[in-house]
Amino acid sequence: MAATLRRFHGLRLLKSTPALNLQQAKNLSSASSWANSNKKLIGAVGAITGGVGALLFALEQSVDASDGTVHSPAQPWNHKGLFSSLDHQSVRRGYEVYKQVCSACHSMQYIAYRNLVGVSHTEAEAKAEAEQITVRDGPDDTGNYYNRPGKLSDYFPSPYPNEEAARAANNGAYPPDLSYIVSARKGGEDYIFSLLTGYHDAPAGVVLREGQYFNPYFPGGAISMAQVLYNEVIEYEDGTPPTQSQLAKDVATFLKWTSEPEHDDRKQMLIKVIAILGFLTAISYYIKRHKWSSLKSRKIVFVPKEK
């Protein structure tokens, strides 16, 4: 019996607890009351924060509903899934649409030809695309500037030398840069698709100035950009029928990629993170069960001394 008790004392399983004095009891009581008041304060702050957030959301929804703009319907994009990548064939076709249609007015100053490699073009194809432009470079050894064919490191050329020239050519309207246009517009690629396919005749009561067109998806309804996408306005290299909706879908996918070049890499990383976390969770659970099994399954037995 004595040996058994000494063994349990050695493991600190029968460690005695001294009695609390009056001061310690008061401290525990004050600490408990402070914890209760602190919980109430945290709960009140959380309730107020939630109420303010709900109010702001309701105000935003009411403003969106009263601004007179038609909201873009959600389209079934191939890349909307949690683990879905961009349609790279569509990205390539969208580049063709941008090159042959959109680049006449819109710049894409943050995208270089090297960015196309491995996404929509091979290295040789991207070099061929870059060599189609002429870049003013220099100065050379004699201090003169010269023109040269484009290289992979060159960025997409701008159709205008400066903003003033762009406004002068578009009745005072400045065509925005399209590098990050999907991320910069509410609705993303849904907005781009709806805008490109949403031109209509102005309804009664809507007055448009010279050089403006009616598009219900554009804020205010009056847009300075004319409709540019029609059936068979260009021909695709791969033979895809160039309908208006197909052209809009492809260029919206291309602009989604230019706005988020890391889109596919981010989703690949998500797959790796989920796999690693799942493995580590399983290992942690096994180790926990292994380490705690002896503690949870042990039994403390008091054996009285026989008389």
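Checked by atom type and distance alone, the side chain of R167 never pairs as donor or acceptor with a backbone atom of A173 at under 3.5 Å. Checking side-chain atoms of S72 against main-chain N and O of G187 turns up no donor-acceptor pair under 3.5 Å.
The pair E260-R266 counts as a salt bridge, with a side-chain nitrogen and a carboxylate oxygen less than 4.0 angstrom apart. Looking at D87 and R92, no side-chain N of the basic residue comes within less than 4.0 Å of a carboxylate O on the acidic one, giving no salt bridge.
For Y160, the side-chain hydrogen bond (donor to acceptor under 3.5 Å, both in side chains) partners are N170, not counting sequence neighbours. Contacts of Y110 classified as ring pair (Phe, Tyr, Trp, His ring centres under 6.0 Å), with partners at least two apart in sequence or in another chain: Y180.
Taking each heavy atom of E129 and Y95 in turn, the nearest pair found is OE1-OH, 2.8 Å. Closest of all the heavy-atom pairs between V91 and S120 is CG1-CB, 4.1 Å.
A tilted orientation is assigned to the rings of F254 and W257, their planes being inclined by 30° to 60°.
Under the 3.5 Å distance criterion, with hydrogens and angles disregarded, no donor-acceptor pair is assigned to the side chains of N147 and T134. Of the N and O atoms on the side chains of D264 and H88, at least one donor lies less than 3.5 Å from an acceptor on the other residue.
Close placement of the F156 and Y113 rings is indicated, their centers lying within 6.0 Å of each other.
Within 6.0 Å of CZ on R209 lie no more than 12 heavy atoms contributed by other residues, nucleotides or ligands.
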